[in-house]
Structure formats: C-alpha cells, structure tokens
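Only heavy atoms go into these numbers, but all of them, side chains included; no hydrogens, no water, no symmetry mates. Chain letters run A, B, ... following the sequence lines, proteins first, then strands; residues in each count from 1.
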Amino acid sequence: MINKIVASLDASVADIPDGSTIMIGGFGTAGMPSALVDALIRQGARDLTIVGNNAGNAEIGLAALLKARRARKIICSFPRQTDSYVFDALYRAGDIELELVPQGNLAERIRAAGAGIGAFFTPTGYGTPLAEGKETRLIDGRNYVLEYPLHADYALIKADRGDRWGNLVYRKTARNFGPIMASAARCSIAQVREVVPLGALDPEIIVTPGIFVQRVVAIRDDAVRAVAGAAA
Amino acid sequence: MINKIVASLDASVADIPDGSTIMIGGFGTAGMPSALVDALIRQGARDLTIVGNNAGNAEIGLAALLKARRARKIICSFPRQTDSYVFDALYRAGDIELELVPQGNLAERIRAAGAGIGAFFTPTGYGTPLAEGKETRLIDGRNYVLEYPLHADYALIKADRGDRWGNLVYRKTARNFGPIMASAARCSIAQVREVVPLGALDPEIIVTPGIFVQRVVAIRDDAVRAVAGAAA
Amino acid sequence: MKRFTRDQMAARVARDIQEGAYVNLGIGLPTLVANHLPKGREIFLHSENGLLGMGPAPAQGEEDFDLINAGKQPVTLLPGGAYFHHADSFAMMRGGHLDICVLGAFQVSATGDLANWHTGAPDAIPAVGGAMDLAIGAKRVFVMMEHQTRSGESKIVPRCTYPLTGVACVTRVFTDLAVIDITPAGMRVAEMVEGLPFDELQRMTAVPLLPPVAALGAA
Amino acid sequence: MKRFTRDQMAARVARDIQEGAYVNLGIGLPTLVANHLPKGREIFLHSENGLLGMGPAPAQGEEDFDLINAGKQPVTLLPGGAYFHHADSFAMMRGGHLDICVLGAFQVSATGDLANWHTGAPDAIPAVGGAMDLAIGAKRVFVMMEHQTRSGESKIVPRCTYPLTGVACVTRVFTDLAVIDITPAGMRVAEMVEGLPFDELQRMTAVPLLPPVAALGAA
C-alpha cells in the first residue's frame, strides 16, 4: 500500500541536504507553508537556494529561515514588503544573493520545469533591466525574451486537504504557487489542514494529482489559524 | 448584466466566416462538441482550418464536417482511427491538407497560444520526421525542438455545466482539450449539458474561468447521451 | 490651479471601463478605481494571485487571510468568481485576456514606455511582482499617476530615466491634470481638468502634446 | 521452439513494475499488462487523455463514454484517481513524472531508438498520438513486441529503417523470446525463454547481443 502521509513535520524534511534548492509556496502568507519552514529551520540545512514569490514577512516562516542565515540565494519576484526587514537587512549587507524575476516569468519557469519544457520565449520583461544579457527574438512582430525552467530539489507547499496518494486541494487564493511548485521539484512536501481517506476527494476537483507529491503531513487546524492570524 | 448564454446552437456559430481556424475539442468522441459541429455544418462556413486531436469518427460531428468538404486543412495528432474513413478518403485523394503534430506538442502549442508564449523548446519529436526542418537546440545535455503557439479564431468545446459568465466544469475524461482550447481562441463557444445560475459552481472547482469563454449554449441532456451512444 | 483628487482620478478611470471588461487594478492608487465602478455594471476584477470576480473588502472581523488581493489585503469573491493557480493567472495576463489593466507609474514616455517598479536608487530593494506581466499583457494599459513629481517635474518624459517596466505598452494616461492618449502620432490630450488652458498643461509636461481633437478647430 | 505468449509477455512486464510506480500503458499489446499487475500492489495507471488511477474495464452495460482510455475504450477510475486536462496530462509525461511507460514497437535500434508510429508506407495515413511524448518522457521506457516480424526479420535492428518515434529512449525490450536491456555497452540479454540457447537468440537478432550477466561464467 502506498502511503505518502508522513507522521511528523520534522520527519517530512529530515533528509533535506545543505545546498538544496527549495521552492516555498505562498503569496505573502497565504499559502505559505510556515509549519514546514519552521521544521526546516529546526532541521538545520544551510546554504539553500530559495525559490518563492516573496522574501518573508516579519520574523515568521521564510523570514525566520533567512534570519537564521540558512539561505545563500533567493529567486523571487517581490522581496520588498512592508515587513520584509529581515531580507532587506541581509540584502543591504550583501549577505544574500537575489535573482529578481517578474512574477509571471517566475510562475512560467516553474511550470516549464514541471512540464519538461527546455526554454520558452516570453514577452514579459523585454527591454527592461531584468532581461539584460538574455537572448531575445522577434516572433510575429513581437519581442520576446528566452527564459529557462526553474527546477528544485524540494518544494514545500501548503494545501487544504490531502490523501495518502498525495492528491491535494487548496483553499481560495492560498492555492497560488502550490500546484506548479509541486510539479517542479524532485520531492514535494505538502502540509495540509486535513488528511482525508482515499476517494474522499472528488476526482473532478483534485487540483494537484498525487503524481506531483511525494510527502503529505497534517498540521493541526489551530496551527493554520495561528499562521493566518500572524499574517494580519 | 453580462450574459454569455446564447439561445440556440445556430445563433452561437452564426458569425463564423469562411477561412477561419477552428479548434474542436474532444478525444475521439469524449468531449467532442458534436451539437456545435452540426450547427457549423448547417451554417455553411468553408475553407476552414481545423485543430483537434483526431479527424472524426464515422460520419458524425467532425467527420460529417469533413465529408461536407468544409475543411481545407486539419492540424491533429491522430487522424487514423478504426472509423475515420471519411478523413482517410479525403487524405488519400489529396483533398485535405494534414499537419501532424505529436499530441503533447499539440496540447502545449494550444496552451502556449492561450498563455502568450511566443515559442518553446520541447523534447518531443526531436530526431523524428515530425521535427524535420525545425529549429533544434541542445539545452543542459538534452535535445529540443522549437515549436510555436497555435491560435484559433474560434474554439468549439463541450463542457458539463456552465453559467452566464462563461465558467465551465467538465465531466471525466471529456475535459481533455476543452480548457486549453478555450484559452487559445479569440471566441470560444461551449456547448454544455446544463446552464446553472451564477454562483452555483463552487469557485474552487471551476476548471475554465469565464474569461476564456465568450458563448455558452445549452443542449438537451438526451442529445449528449445520443452522441455518447454513437461513439460506442 | 484646480487638480483632480485621487478619487476623481479613480472615478475618471472607472468611466472608461465598459461592462463585461476583465480588469486588473494594480496595487496602490489603481485599487481606488474599484470604489468607483458603477454598481449596475458587471465588471470582472482579476487579481494576479489567482482569482477572478474579486469583490469588495470584507466587513471587519470577517477577513479570511486565504482570500487576499495582489496587495495582500483581504478581499471577497463575487458569486461566479473562480480561483486558479499562478501559472494560469499569469497566462490570463500574458495571453492578452485582460481588457484593461490600471497601473501606477513613476514615468511614462512619449512612446508609451512605462517605468513603475524601480527608481534606480542604488540602495533600494528591487521588487517587480507582476507589473511587467501586466504592462505587456492587457489589451489596454491605463496609467494613473500624478502629473508631476512633488518637486514639480513632469512624470511624462521624452524617455524614461528610471528602469523600464515595459516598452511601448501604455495606452492612456490619467493624471490629476489630464487624460492623455498614446497615439502613433504622439501624445494626444483627451481631456483636461476644468479651467486648465492647454498651454499651461503643455508647460507642465516634458513631451509635446497634441491638443484635444474637439479643440482642434479652436487651436 | 518455445515462445512467450502475449499474456506471458505481459506478465513478465508486470513483474518489473514496482509498487507505487506511475505507469502509462500504450495502446495495443501493452494494455494487456494491466491484467497482470499483482492485485495487492498499488500501481498508478496514467492515461494520456487526462486521468490517473485508471481502473479495469467496466461491466457490460455500465460503460461511460466520457470515461475512456487512450485507446478510446471505456474504463473506470479507482478511488483516489483524478481527472485533468490535456496540457497537464502531457506535462506529466514530458516532465519526467512517469516512472515507466510500456510501448509497442515496429523496431528498436541497438542504441534504443524507437520506431512505432509509422511503417513508412507511402499510402499509410500517418498518426502519432502521444507516442513521441511517452517515448521521451517516462523515466524508463519498456518496449513490448514480437522478436521478429511475421516474415522472420529481426525487429531489433542496427538502425531503424522506419520513421523514428524517439532517439535513444528505450530502456528495456520484452519480446516473445527474451528480455533485453539497452546499456551503454550495448544490448544485454537479461532473460531468455526457457530452453532457448543464447546463440539461437543471437541468430534471430540483427544486433550483437551481450549474454546474460548470470551466464557469463558459462559463456
């Protein structure tokens, strides 16, 4: 019997080695897998490359990971937020490398990795500093920039419900990067509010089929609420 | 008030001009919008370029359209079926042009059109006759072929339920090309089994958001069953 | 001199949004536009973080932090709205499915180049988000900004000096002084704040302006 | 001479499919493999037309023609299965998420090139379907075919003479005579049908074969 449910947060991230590239879901705190990130902090892996939309809020989740100086580099679209002071300080001190990617190119590069696309021409960013040095091409009268897929060793994502085959559904805009990151990592780990029996998820509404998910770990509902509360 | 519901099949396809490129959903007969195709036959548009997975079964739907000699060209992955004799005869007589595309490249080219991607490197087809004359590139040790998006003037698709904003859900494997074709056409027309009130479709389970759909037309449930029966 | 207030600018932008339009309102000033959309007009608001059919802010105490907008503020979803993931959301933008996006700006050039993500200050933390995708994706790109900087410099410029967000992408500019279209012939004034003479507007604008078409006879 | 029956070939392929594997069974001969998967082993069958967790054929009279496989035959879905659209389905294939695909073939070359979609006959209606995506996408590509054509020619060839489906993509070949791995050193026989001498197998194969590792001592 295949059972992708892992007993604990700590067990779910135990094997992540130093130097890994790790995708972390979320748009701000919506969809941010804070419980998994906290487990990753406890686990101690360092020299990480982080791929995500933002660079952490206040001193929780991703920001706490950065504060613990576990990340060598971050690839994201919007590091600067009202409460991103941890990242801001590291960046200004030259203590973290930043690869800034327009959000749609970030999403498409992640999707391309999951979909086996070798590279793609995108109109986004053409003629801007974020396309400097990149190959460009005029196609049917429009200018495009060539972008490459973003693969990861691990993806940490947050979903609402999951089953032992790794099928996932999300909640509202907390879906955001979860489905594409799950597809782009060698090992995708999902924290879910609830583990449900196989067959409880209607096959028409499964957003991430289990083929993209290697581990599922349940976190207590109140933990989810606490994270949401912290975002406010 | 926005109301994308069109009163009749005939009205929904009335403006399709000669020479249009038309995507037609379906994998075999599952998801094939036969009622719309029949309406298109009655409407009379000719010199069409058809994009779809197959080239019609027996003498219904797409096969009937081909038999009426309305298509100049078909872009598909698998024209040859046990009951594709209409296409077979036209092809052997040189009366229809065929662009054969590997199924995944067909899907990805349609998706690329909807997603504004100018071109993409795919590993599928490299080194085969279907990549002859196409640009290739070695990326990270793997060989890729450059493929371009497939846009359409119209998409005819079949869904299960739809609302007046054009939101759609599908039924089982009849989903197949529907969502991506809806995104790739200037005007997407969906035949649905049932029109439901706005808000009746759970926002978590909408597969095709209304932004991709311009017209929705309800067909009687028994019509759907008749089409399914004919496929057997 | 009379100037449009921020709410008047937002109301003016709202007037240009037809029923049935798919619209993305950028963070900052453009979010004000939502308050001015006519109640009876069905307009589909898109948010880059994965929703269509965005409704107004929730009542206090009813916020759901899994349901936020691009500015990370709690919002609501209208009946008929839908959720989707980030690749699909940006496919909507990049694929040209949005009719209109409304963006703030630091500078707009005579040919419609947009600079709105970076002032070029060496110590600034760069952050781009979805601005570049919106700039090149929507069928019409509206810019909503003060006509001049606080120190009185024109934000409409011959060439952007700040880093670009997109090239030749802006369709129409709404400022506190005027509504200006980017046309193949140049920047054409569509409307001016009441009582503002064209020459005065031109004086405050670093790019040659074409007068309103309606005013041509009088020019 | 003894040969594996089609069911024996299918059973042999099934033995190589480990629990938890994501597997696509191509149309034709490979679909037989489903009948031989051990009941207690959870294996995820993928069908290119948008489902994972494919179950057996439905009972007669219970067919649902919205629920079909790649061969367009009615199937069922297991609890835990899921539906998705074509771009997502082929992302699974092209993106390397399938552990194994099993394909039929006209020819397999010494270096693992596959020809299985076209005989090159000038009057044939060409049709490729998802074969090229499967050939290059799955982590392991199993080919299941008769060892020889009806006229006795080896289907294992130095170079494919039929149009290719994929280059250097085949991992292991299951024929009615042997199981043969494509290795960097060449084609190595893993197993032969009972009683078949290696020399006899070699004689029926148009590519030099390496003997089974276990038999090396005896060679």
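Here the options are B:L130, B:T122, B:I110, B:L150, the test is side chain to side chain contact (heavy atoms under 4.5 Å, CB included), and the partner is B:N105; only B:T122 passes.
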Step-by-step side-chain hydrogen bond (donor to acceptor under 3.5 Å, both in side chains) determination, B:T29 to B:N57: CA-CA 7 Å; B:T29 54; B:N57 301 83; 5.6 Å; no
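Interatomic distance, CZ of D:F84 versus OG1 of B:T173, reported as 10.5 Å (0.5 Å rounding). Note: B:F177 CZ to B:N54 CG = 8.0 Å, rounded to the nearest 0.5 Å. Rounding to the nearest 0.5 angstrom, the gap separating the CZ atom in B:R69 from the CG atom in B:L90 is 5.0 Å. Taking CD of D:Q18 as the start and CD1 of D:I100 as the end, the distance is 5.0 Å to the nearest 0.5 Å. Rounded to the nearest 0.5 angstrom, B:E97 CD and B:I75 CD1 are separated by 8.0 Å. The NZ atom of D:K139 sits 4.5 Å away from atom CG of D:D99, with the distance rounded to the nearest 0.5 Å.
Note: B:P123 leads B:P123, B:A55, B:G178, B:G31 in heavy-atom pairs under 4.5 Å with chain D. Between chain D and the options B:Q81, B:R142, B:R92, B:R111, the largest number of non-hydrogen pairs under 4.5 Å is found for B:R92. Top candidate by heavy-atom pairs under 4.5 Å with chain B, chosen from D:L134, D:N69, D:D123, is D:D123. Listed options B:P129, B:C76, B:S84, B:G28 were ranked by heavy-atom pairs under 4.5 angstrom with chain D; first place goes to B:P129. Among D:A115, D:A82, D:A70, the residue making the largest number of heavy-atom pairs under 4.5 Å with chain B is D:A70. Chain B forms more heavy-atom pairs under 4.5 Å with one residue of D:G81, D:G137, D:P126, D:A124 than with any other, namely D:P126. For the options D:V75, D:V128, D:L164, heavy-atom pairs under 4.5 Å to chain B are most numerous at D:V128.
Of the atoms belonging to B:V207, not a single heavy atom falls under 4.5 Å from chain D. For B:L98, the part lying near chain D is the side chain, with the backbone staying farther off; criterion is any non-hydrogen pair under 4.5 Å. Only the side chain of D:F90 comes within less than 4.5 Å of a heavy atom of chain B; its backbone N, CA, C and O stay farther away. For a residue to count as touching a neighbouring chain, one of its non-hydrogen atoms must lie under 4.5 Å from one of that chain's; by this rule B:F87 touches chain D with the side chain only. Of the atoms belonging to D:S89, not a single heavy atom falls under 4.5 Å from chain B.
Heavy-atom proximity under 4.5 angstrom to chain B picks out D:G166, D:V167 from residues 166-181 of chain D. Contact annotation for residues 47-55 of chain D against chain B (heavy-atom separation below 4.5 Å, listed by residue number): D:E48, D:N49, D:G50, D:L51.
Using a cut-off of 4.0 Å between Lys/Arg side-chain N and Asp/Glu carboxylate O, D:K155 and D:E146 are scored as not salt-bridged. The residues D:D64 and B:R171 are annotated as salt-bridged, a charged nitrogen and a carboxylate oxygen being separated by less than 4.0 angstrom. The pair D:R94-B:E147 does not meet the salt-bridge criterion, since no charged nitrogen lies less than 4.0 angstrom from a carboxylate oxygen.
Partners of B:E194 by salt bridge (Lys or Arg N to Asp or Glu O under 4.0 Å), not counting sequence neighbours: none found. D:F106 meets the ring-ring contact (aromatic ring centres under 6.0 Å, His included) test with D:Y162; sequence neighbours excluded.
Shortest non-hydrogen contact noted between D:D113 and D:C160 is O-SG, 3.8 Å.
For the pair B:R80 and B:F78, the distance from NZ or CZ to the six-membered ring centre is under 6.0 Å and the angle to the ring normal is within 45 degrees.
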